[in-house]
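Chain letters run A, B, ... following the sequence lines, proteins first and then strands; every chain starts at 1.
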2 protein chains.
Amino acid sequence: MSKCEQCIIKQFNALKTLSKEELLRVSSCKTSMFIKKGETIFEEGESVNGVYCIKSGACKLSKLSSNGREQIVKLVVKGDLLGQRSLIGSESANLTAVALNDMEICFIPKSEIINDLAKNPNFSNSILEQMAADLRNSDNVIVNMAQKSVKNRIAEVLIYLHETFGVDEEGFLAIQFSREDFANFVGTATESAIRILSQLKKEGYITTQGKLIKIENIEGLKRVE
Amino acid sequence: MSKCEQCIIKQFNALKTLSKEELLRVSSCKTSMFIKKGETIFEEGESVNGVYCIKSGACKLSKLSSNGREQIVKLVVKGDLLGQRSLIGSESANLTAVALNDMEICFIPKSEIINDLAKNPNFSNSILEQMAADLRNSDNVIVNMAQKSVKNRIAEVLIYLHETFGVDEEGFLAIQFSREDFANFVGTATESAIRILSQLKKEGYITTQGKLIKIENIEGLKRVE
DNA sequence: AGTAAAACATGACAAATATCATATTTAAAA
DNA sequence: TTTTAAATATGATATTTGTCATGTTTTACT
């Protein structure tokens with residue numbers, strides 16, 4: 001089992017604030033696992049009781065609406081922690097986490113890390129900072145959902161995917177996102193998402209090849225209304 | 001100047017985790033102030049550099065969208081802390097705070113409380129809990145905005161206002177919320193908010209008298225689609 | 001009280017989005 | 001490979017929501 005000390009993840013997330021000793025202890029009890037694309041890591045309502053470190057891959061966090069539709073609330077990517085809120089209080093997961101591609105993750109039980117949260121102010125501060133950033137981001141998402149058109153939101157998702165995951169050798173978005181994922185992310189019907197992607201294609205902002213998408217004019221996309 | 005120790009606010013928010021000594025020090029540097037309905041406490045982009053305790057009254061936190069509309073993101077009420085995120089990191093306010101009615105608030109400078117955050121794990125934990133709850137709430141708001149109809153969202157706001165502020169002697173909602181506020185809270189045009197309130201009136205869920213609103217059938221409202 | 005301004009209300013119409021139907025293409029499985 | 005299922009695409013139409021116009025009521029101010 002690899003040590004957290006050597007793991008690249010350490011450089012990205014709140015674990016970097018832990019001391020060598022703390023990291024060694026965490027290392028010794030963590031569970032490393034591989035998750036295949038489409039598999040569920042945890043579901044809304046379950047108790048999570050620990051945090052996951054994303055070593056590679058990405059997942060979507062979503063919630064089932066009362067109308068039966070899935071709403072993607074955010075994406076969690078390599079270097080992020082997943083399930084931080086399970087460390088605080090004892091409530092069950094509010095969201096469902098499903099892998100967008102093959103992932104490698106480490107699970108650290110709450111019991112092993114909860115003391116660090118109480119005793120290491122750097123660690124709790126780092127979690128605080130992360131949550132403050134998440135809240136700021138949520139505010140912005142709420143405003144976008146409430147005030148912007150579906151076309152505008154789809155354009156923003158394209159830009160976000162481009163910035164977050166980059167492109168492959170041929171210039172296609174490096175993450176595979178189905179039309180349904182687009183719809184569930186911006187809160188619209190799948191057909192509407194498809195229609196708008198077709199429209200963006202006709203307008204020359206993107207090109208597609210199968211389900212692969214290439215952004216051709218990112219500045220234009222930013223100005224889409 | 002009144003002491004935090006004796007203030008009722010102490011019982012509601014994160015300040016309750018401070019020791020007697022810490023509270024005394026905070027007390028000695030806080031600034032108490034009265035804010036009139038409609039006045040701005042701070043604006044998006046400003047640096048806040050401290051937290052406000054809401055002793056009485058309530059305010060709305062909103063953000064200006066790129067389309068020029070105001071989006072209300074959340075309400076902050078008596079017993080809540082306002083501007084907690086200013087304690088973490090050093091970023092400027094993401095939201096604008098405007099009083100919904102006359103308020104009495106206390107301002108505690110960041111410099112006086114930042115040490116407690118680092119040294120008193122109970123205090124930082126209390127802030128963490130609050131932020132975790134806020135995040136959970138934001139998730140739910142995002143889902144509602146993305147998936148529910150305007151009518152449904154207006155109905156939910158009515159229920160929320162009822163639960164949060166209660167009613168006056170005659171049964172009217174104890175908070176005055178303009179039609180524009182309703183619109184800005186659910187992300188719709190003012191005319192649409194007006195229309196839907198009229199509709200809810202016709203359907204017998206609410207009655208109005210001037211801008212006062214009385215909920216007549218809360219169970220019915222919960223079932224509105 | 002009288003006047004102006006703001007808030008509320010409602011009709012008519014336009015635009016955005018959802019829904020249903022039905023192809024077509026792509027991916028998965030036998 | 002062949003077959004089947006899933007994802008993508010697009011038209012037709014219904015529904016929801018926004019916009020503009022205009023009138024009424026309420027509130028604020030002198």
Nucleotide D:dA7, atom C1' - distance to CD of A:Q209 in whole Å: 17 Å
Atom-pair distance (CD1 on B:I194; C1' on C:dA7), nearest Å: 7 Å
Spacing between A:I213 atom CD1 and D:dA7 atom P, to the nearest angstrom: 15 Å
Nucleotide C:dA9, atom P - distance to CD of B:Q199 in whole Å: 13 Å
Electrostatic pair B:K222:B:E219 at N-O distance under 4.0 angstrom: yes
Base-contact (B) and sugar-phosphate-only (S) positions in nucleotides 12-30 of chain C, heavy-atom cut-off under 4.0 Å, - elsewhere: B----SSBB----------
Atom-to-atom span, CG of A:N67 to C1' of D:dT15 - whole angstrom: 15 Å
Length of the CZ-P vector between B:F182 and C:dA9, whole Å: 11 Å
Whole angstrom value for the distance that separates P of D:dG18 from CZ of B:R179: 17 Å
Side chains of A:E156 and A:L221 in contact at under 4.5 Å (non-hydrogen atoms): no
Within 6.0 Å of NZ in B:K78, more than 12 heavy atoms from elsewhere: no
Atom-pair distance (CD on B:E225; P on D:dT16), nearest Å: 11 Å
Side-chain (B:S65) to main-chain (B:G68) donor-acceptor, under 3.5 angstrom: no
A:K74 and B:D139 ion-paired at < 4.0 Å: no
Side-chain N,O (A:T190) to OP1/OP2 (D:dT8) below 4.0 Å: no
Heavy-atom side-chain proximity of A:V167 to A:F172 below 4.5 angstrom: no
